[in-house]
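Worksheet for the structure shown next.
Just so it is clear, the structure is predicted and the values come from calculations on it, not from any experiment. Atoms within each ligand, like the ligands themselves, are counted from 1 in listed order. One is the number of the first residue; the rest follow in order along the sequence.
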Amino acid sequence: MLAGFAALGVAELVAAAVRPQADPVVAVGGAAIDRTPATVKDWAIRNFGTDDKLVLQSGILVVLALFALALGILALRHRRVGAAGVLLFGAVGAVAALSRPDSEGPADALPSIVGAVVGALLLYHLVGRLPSRSAAPAGEPPSEENGEPGWDRRAFVVTATAAAAASAGALVVGRTLGAASGQSAVASRDKVVLPRPQSPAAPVPRGAQVRIPGVSPFITPNGSFYRVDTALVVPKVDATTWRLRVHGKGVTRPLDLSFADLLARELIERDITLTCVSNEVGGPYVGNARWIGARLADLLAESGVKPPSKGGPATQLVARSVDGMTIGSPVEEVMDGRDSLLALGMNGQPLPFDHGFPVRMVVPGLYGYVSACKWLTDLELTTFEAYDPYWVQRGWARLGPIKTESRIDTPKPFARPKAGTVMIGGVAWAQHRGIERVEVRIDDGPWERARLAAQDTRDTWRQWSHPWQAVKGGHTLTVRATDGTGRTQTEKRTQTIPDGASGWHSVVVTVD
Ligand SMILES: Nc1nc2c(c(=O)[nH]1)N[C@H]1C(S)=C(S)[C@@H](COP(=O)(O)O)O[C@H]1N2
Ligand SMILES: [Mo]
């Protein structure tokens, strides 16, 4: 266990010098995420939420600890074989680090290799200080009290303690340096001054926010905005060296832009509600922010791109992030006049690192997995036939328009409100179509129209409320919404895979 700990500590230290992403636990975790079947991944997101990454890494550590114990026991009999086993684990980490899509070359193997060599040597050395079992008479356990030749308890304890302390030190220093490795990115973010957008968003209408405790805030603060991505280490990109390439099918003038180039463009400010395709009915993976960004459609048009309806050859826009994520959006929708953004501001601030600093995509009406690439660095025009991006390779639909959904925020499931007037309230969304009607049903009663809060834009969610004369007993409250095209949210319950959950949200409460 100690040798394993030393290996990880040293690996972390070397990773701080190379790249935090090259750490073996991070690399193996990333490889595991990429290879996890969509159903399992969806299950993990559902059950662990944003803690899914912590659970994964803890799992890896538990597995490593068990293997370390097994190798230790093996080493008691076969010192060399045990040490070789540690090296084998190092090889697994090295291969994982090298095969990551964001790998930057052979140096990425160093943390795993150096860590494993140190771990193997330490195991070999420590076991050598233990009483040799083969020296004990058959049938008799080696006696600890009397000692065996070569068994130097003091030397063992000193070496073990020193190794433990050094490993802990390596781990702490590695962690600290690793965190500091994003310093230039942090500094570049601190320096960003968001210009005043040429086309500001209208103020959020008064009355867009219902005044009922428990209903989500109309604008989701950055700190509580949901986060869904595959990054075990959040990419820290330095805005001063960041570039965005635009190239591919139908591009007559390829672009290579800096962050300053983007800031100098016409900037627009828009309220847009983001939704994750992994959001279950009633789930939390939806948030509304005020974004500032450059018009993506204009940028594409300048590089010569035409939408398919105007004869352009590219149907799919593939966005790539610095960590190798690929997200494919339909060129037609991106260029159909909606406010597709290369966003660089979120609720008045430069994008937080968690949400894609320096630049991400935002397209109203499309789930995040087909539109909202964070840490964006490359835009390639291609076709849907020619390329399947990350999530599509894993069984999700090529197209992901957001389904009309509504959610009861209050009362909460299993709440025990008092009899009398109980305010039911929540949100409904059908981005780019808008919400026209929300209805609430108590038990098997008739659908009753809820009171709609003011609409901000059709690209944002809309709040609603419904006063209910609650009578004692158990009740089921159900909600459904109708979008701006007149279509009512389907009752049909589907799972999130492949193109988003559908069905009515209901909440069971007991009125006292
Ligand atoms: N680079 C990168 N961008 C990404 C993802 C990712 O895993 N990596 N996940 C996408 C998904 S599935 C969603 S729903 C949104 C979530 O954006 P948020 O984390 O800012 O809320 O980001 C999208 N952009
Ligand atoms: Mo998502």
Can you check whether Pro358 reaches Pro350 side chain to side chain, under 4.5 Å on heavy atoms? no

Considering only heavy atoms, does Lys374 approach ligand 1 within less than 4.0 Å through its side chain, its backbone, both, or neither? both

Does Met361 come within less than 4.0 angstrom of ligand 1, counting non-hydrogen atoms of the residue? no

Ligand-residue contact atoms, ligand 1 with [X], heavy atoms, under 4.0 Å:
X	answer
Trp375	1 (N), 2 (C), 8 (N)
Met325	1 (N), 2 (C), 6 (C), 7 (O), 8 (N)
Phe225	21 (O)
Asp323	1 (N)
Ser321	1 (N)
Tyr369	11 (C), 12 (S)
Cys276	14 (S)

Interatomic spacing from [atom1] in [X] to [atom2] in [Y] - rounded to 0.5 Å:
X	Y	atom1	atom2	result
Arg493	Trp504	CZ	CH2	11.0 Å
Asp51	Lys53	CG	NZ	9.5 Å
Arg189	Phe357	CZ	CZ	6.5 Å

Please work out whether the ring planes of Trp461 and Trp429 are parallel, tilted or perpendicular, with thresholds of 30° and 60°. tilted

Parallel under 30°, tilted from 30 to 60°, perpendicular over 60°: which one fits the rings of Phe67 and Phe89? tilted

Could you tell me the residue and atom name of the protein heavy atom closest to atom 21 (O) of ligand 1, and the distance to it rounded to 0.1 Å? Tyr226 O, 2.7 Å

Among all protein heavy atoms, pick out the one at the shortest distance from atom 17 (O) of ligand 1; state its residue, atom name and that distance to 0.1 Å. Arg360 NH2, 3.0 Å

In terms of its nearest heavy atom to atom 10 (C) of ligand 1, the top option of Val277, Val228, Asp229 is Val228

For atom 13 (C) of ligand 1, which of Ala231, Ala343, Gly368 has the closest heavy atom? Gly368

For [X] and [Y], does a side-chain donor sit closer than 3.5 Å to a side-chain acceptor?
X	Y	result
Arg433	Thr404	yes
Ser309	Glu332	yes
Thr383	Thr315	no

State whether the shortest distance between N or O atoms of Ala372 and N or O atoms of ligand 1 falls below 3.5 angstrom. yes

